[in-house]
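Remarks on the structure that follows.
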Amino acid sequence: DTGVSQDPRHKITKRGQNVTFRCDPISEHNRLYWYRQTLGQGPEFLTYFQNEAQLEKSRLLSDRFSAERPKGSFSTLEIQRTEQGDSAMYLCASSSTDRYTEAFFGQGTRLTVV
Amino acid sequence: DAKTTQPPSMDCAEGRAANLPCNHSTISGNEYVYWYRQIHSQGPQYIIHGLKNNETNEMASLIITEDRKSSTLILPHATLRDTAVYYCIVREPYGQNFVFGPGTRLSVLP
């Protein structure tokens, strides 16, 4: 296993279209996080899963956003009816549930809404 | 909100030590200090973390003051590839997420 994998790396979509991103975490990690990052800012937390359960959602996660992790392995993040303000880098990270664990990030999916 | 403050930018000469400060004056007793860095257009990369003892790994050293209100990340021999944004984060054990601030943009100059 070489780390957290995200697909696609880049996505250009027209406003109003739906998009879906995939994240494959490190295989033994049961926590999975989604973050969003806009230009010049640090990553902002969106949501996280422990196994298949979605345990926390940020206020940033509007009702157009939905995330799933159906079997506790890979996760998908869907954005419906995209808006130009959704243009950002979407980052996925995974970690174990050990007390002092670090999280490992993927390379991100850069979304451009035109 | 991030519980840390960092200078927005720093320069360092190639081959010299880069010392990146972080203030976390409201840190609680069980919160750890984590450092990540992000090279342009890549995902954040874990560097090191610690509680109260100084820590060292193959990438860097972490020096935490005795009162734990501040810390310094040391890159002993900075190279051009160390140019990145460096984030200092405090987090509880079993904490639910990592809260990033704006970080410090380190420029390593030839």
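Note that these values count all heavy atoms, side chains included, but never hydrogens, waters or copies made by symmetry. Quick note on labels: first sequence line is chain A, next is B, and so on, each numbered from 1.
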Say whether M59(B) and I48(B) are linked into one hydrophobic cluster, either directly or through other cluster members, by side-chain heavy-atom distances under 4.5 angstrom. yes

Flag yes if more than 12 heavy atoms outside L60(A) fall under 6.0 Å of its CG atom; otherwise flag no. yes

More than 12 heavy atoms of other residues, nucleotides or ligands under 6.0 Å from NZ of K11(A): yes or no? no

Is there a donor-acceptor pair under 3.5 Å between the side chain of Y32(B) and the backbone N or O of T101(A)? no

Do other residues, nucleotides or ligands put more than 12 heavy atoms under 6.0 Å from L39(A) CG? no

More than 12 heavy atoms of other groups within 6.0 Å of R64(A) CZ: yes

Could you tell me whether the side chain of Y35(A) and the main chain of F100(B) form a donor-acceptor pair under 3.5 Å? no

Would you say the side chain of F98(B) lies within less than 4.5 Å of the side chain of P43(A), judging by non-hydrogen atoms? no

Heavy-atom side-chain contact between F45(A) and N97(B) under 4.5 Å: yes

Near R105(B) CZ, under 6.0 Å, is it more than 12 heavy atoms from other residues, nucleotides or ligands? no

Does Y86(B) belong to the same Ile/Leu/Val/Met/Phe/Trp/Tyr cluster as Y34(B), with side-chain heavy atoms less than 4.5 Å apart forming each link? no

Check each atom of Q45(B) against the heavy atoms of chain A and say whether the ones under 4.5 Å are side chain, backbone, both or neither. neither

Step through the shown structure and confirm whether more than 12 heavy atoms of other residues, nucleotides or ligands are within 6.0 Å of CD on E78(A). yes

All heavy atoms of Y87(B) vs all of Q41(A), minimum pair found to be OH-O, 3.9 Å

Give the member of G42(A), C92(A), A103(A) that has the highest number of heavy-atom pairs under 4.5 Å with chain B. A103(A)

Please classify the contact between Q37(A) and chain B as side chain, backbone, both or neither, with a heavy-atom cut-off of under 4.5 Å. side chain

Test item: Q107(A) side-chain N/O and G43(B) main-chain N/O as donor-acceptor pair under 3.5 Å: yes

Flag the pair F105(A) / Q42(B) as yes when at least one side-chain heavy-atom distance between them is below 4.5 Å, and no otherwise. no

With rounding to the nearest 0.5 angstrom, report the OG to CZ distance, S41(B) to R9(A). 8.5 Å

